[in-house]
Amino acid sequence: MAKKFCVVLLIAAMLVSMTACGPKDGPVSGDGESVTATGEGTGYGGALKVDVTLSADKKTIEAITVGENNETPEIGGKAMELLTASVLDGQSLNVDAVSGATLASNGFLAAVSEAIKAAGGDPADFQKAISGNPEGEKTLDTDVVVVGAGGAGMTAAIAAAQAGKKVVILEKTAMAGGNSIRSTGGMNAAKTDWQDTNEWKESAGLEKTLSTAAETYPELSELVATIQKEYDDWKAAGSNGYFDSTNLFILDTLVGGKNVNDPELVTTLAENSAAAIDWLDSVGAELHNVGSFGGASVKRIHRPVNAEGKTVSVGAYIVPILEEACNNAGVEIIYNAPVTEILMDGGKAVGVKAEGYTVNAKSVVLASGGFGANLEMVAELKPELDGFVTTNAAGITGDGIKMAEAVGAATVDMDQIQIHPTVEQATSALITEGLRGDGAILVNAEGLRFCDEVGTRDAVSAAELAQTGGSAYLIVDQKMVDASSVIAGYITKGYTTQGETYAELAKALGMPEDALTATMEKWNAAVAAGTDAEFGRTSFANALDTAPFYAIKIAPGVHHTMGGVKINSSAEVIDTNGAPIPGLFAAGEITGGVHGANRLGGNAVADFVVFGKIAGEGAAAYAK
Ligand code: MEZ
């Protein structure tokens with residue numbers, strides 16, 4: 001039986017038993033026999049409470065109920081759900097933290113331990129070792145095996161299953177999502193109906209792109225001329241709807257990537273992006289709110305909103321939907337099964353070996369992500385990033401790239417590693433670029449702006465590192481908070497400092513009050529005029545004029561590894577001689593070439609949906 005199914009059964013059993021005893025503040029005898037008590041631990045979001053019910057003889061944990069906590073439901077919450085099942089199943093606290101949710105896991109286990117003591121038990125009685133695969137080594141036969149249950153892996157699996165194939169995903173960690181679940185901003189797509197719901201205000205941004213691109217990359221002048229004509233034709237035809245084109249998406253991505261990108265892959269990304277939004281719709285993921293993001297000349301990032309119309313994090317929204325779509329399509333996801341080897345026969349990929357499993361397949365899709373959590377590998381490839389924090393999920397360590405190399409795959413751009421300019425340093429939490437796209441500004445410790453906040457990530461990060469302390473403050477106002485559940489979450493997690501006036505905020509931050517007040521007034525005037533004489537920013541959103549005002553202290557952190565396994569536009573893995581490896585496909589951050597030297601925000605989700613789908617369809621066709 002699949003591990004995930006066992007977990008579901010255990011949770012169901014647990015819920016039935018828990019209904020008998022609600023949360024208690026101290027040891028309470030329930031049913032005249034068992035005892036329930038509460039323990040407290042510290043997770044990612046601060047204090048968390050857990051109720052534990054022990055049997056009368058204190059030797060059996062009968063139920064665990066997670067109480068008050070500030071964990072992210074999709075990450076820390078999910079980890080606590082998985083750990084609840086493991087602890088109950090094994091009657092042991094000797095379980096591994098869930099990768100990617102270590103703080104929540106450790107806080108949960110500490111709270112359970114404390115609750116056991118408070119209920120009169122001894123945590124030492126619950127320490128027996130739990131073996132990795134209780135069912136022993138298993139061999140499975142399938143049509144397509146996918147390595148990794150992140151966005152690319154699940155998309156590929158759904159696409160292959162929709163093409164009628166039997167699909168198994170092997171996921172290294174205890175939960176789906178990989179780096180994708182941490183993705184906050186949204187997905188870039190060009191020429192969608194959703195863009196047309198916006199008012200066109202981007203002439204200045206577009207003209208700036210066309211002139212800088214032509215000057216900086218003369219080799220792109222033909223592409224620039226084509227876009228200029230598309231724009232002129234659109235204006236001549238009465239400027240209906242919102243202007244964008246796949247060519248402009250290609251140009252923005254190439255310019256953002258310093259034209260190091262593989263142009264064929266970029267073209268595939270852009271040309272399939274609008275259809276990818278429709279495909280997501282078809283599996284129940286609606287990304288219909290369109291906003292501005294760094295390096296995009298027009299509003300192109302598509303985002304989900306909640307029932308109140310507030311933008312929400314794309315990864316936390318999309319991952320559970322893809323998981324459900326996998327379930328509905330009959331895809332089997334096996335968790336806690338790190339893949340160690342690609343099985344080859346006569347030069348063709350014919351399956352994989354994982355801890356506890358051998359999966360024989362007709363084709364293999366690699367979707368195990370990049371290596372942004374492997375800080376040693378990062379520093380080896382780019383020594384100047386030694387000491388930087390990472391926004392990546394713990395499982396993103398580059399194993400798939402190494403396995404692909406072991407069977408002859410070529411790699412590209414391995415030293416192209418992106419730092420994201422806005423990372424909260426105490427927790428390594430990504431503070432989405434969406435804040436800047438929606439109107440936030442950056443100020444330094446002196447209370448002064450220092451760059452075009454919606455420039456590309458490499459440019460903004462470099463500007464930040466040149467400021468006092470190598471850090472800066474993102475400033476937003478209450479209007480922005482009211483429009484975004486993401487920002488509300490940052491406030492709950494304690495990342496913000498706030499003030500009723502600009503001066504009060506400056507005082508709380510220990511920066512010159514006059515300087516911040518003058519900066520904010522100057523910025524609001526620039527928004528009203530639609531011109532930023534100081535730094536040439538061309539996207540403004542709204543003035544930051546509604547109290548209270550909030551600041552988040554940030555600095556750059558490792559975010560995306562642009563290099564990886566070489567693929568062609570059919571998502572086939574290319575070997576060191578330039579030929580596709582039969583039966584081997586790859587998609588998402590494990591691959592290199594799409595993003596060049598710098599990925600644009602919103603292009604990772606576009607990458608995993610577009611290339612995940614191509615890889616899944618290709619693997620299904622190969623599996624015949
Ligand atoms: O694509 C990304 O990395 C992204 C959208 C990040 C963010 O700032 O939200």
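In each ligand, atom 1 is the first atom listed, and ligand 1 is the first ligand listed. Note that the numbering runs from 1 along the sequence shown for the chain.
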Going by the order shown, which atoms of ligand 1 are within less than 4.0 Å of some heavy atom of [X]?
{"X": "R599", "result": "1 (O), 2 (C), 3 (O)"}
{"X": "E433", "result": "7 (C), 8 (O), 9 (O)"}
{"X": "G601", "result": "1 (O), 2 (C)"}
{"X": "T184", "result": "9 (O)"}

task = Give the single entry among R457, H420, Q418 that approaches atom 4 (C) of ligand 1 most closely by any heavy atom.
result = R457
ask   = Which is closest to atom 7 (C) of ligand 1 in terms of heavy atoms, L435, V605, T432?
value =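 The option holding the nearest heavy atom is T432.
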ask   = So, K479 and D545, do they make that salt bridge, N to O below 4.0 Å?
value = yes
inquiry  = Please determine whether a side-chain nitrogen of the Lys or Arg among E424 and K493 lies less than 4.0 Å from a carboxylate oxygen of the Asp or Glu.
reply    = no
query = Which residues satisfy the side chain to side chain contact (heavy atoms under 4.5 Å, CB included) test with A285, sequence neighbours excluded?
reply = L280, Y317, I318, I321
Would you be so kind as to tabulate the donor-acceptor pairs closer than 3.5 Å made by side chains of residues 376-389, with sequence neighbours excluded?
{"residue": "K382", "atom": "NZ", "partner": "I417", "partner atom": "O", "Å": "3.4"}

query = Would you say G602 and ligand 1 have an N/O pair spaced under 3.5 Å apart?
reply =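 Checking ligand 1 against G602, an N or O pair does fall under 3.5 Å apart.
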key: Backbone or side-chain N or O of H559 under 3.5 Å from ligand 1 N or O   =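 Between H559 and ligand 1, an N or O pair is found under 3.5 Å apart.
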inquiry  = Does E207 have more than 12 heavy atoms from other residues, nucleotides or ligands lying within 6.0 Å of its CD?
reply    =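 Yes, the 6.0 Å shell around CD holds more than 12 heavy atoms from other groups.
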key: Aromatic centroids of H595 and H560 separated by under 6.0 Å   =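 Yes, ring centres under 6.0 Å apart.
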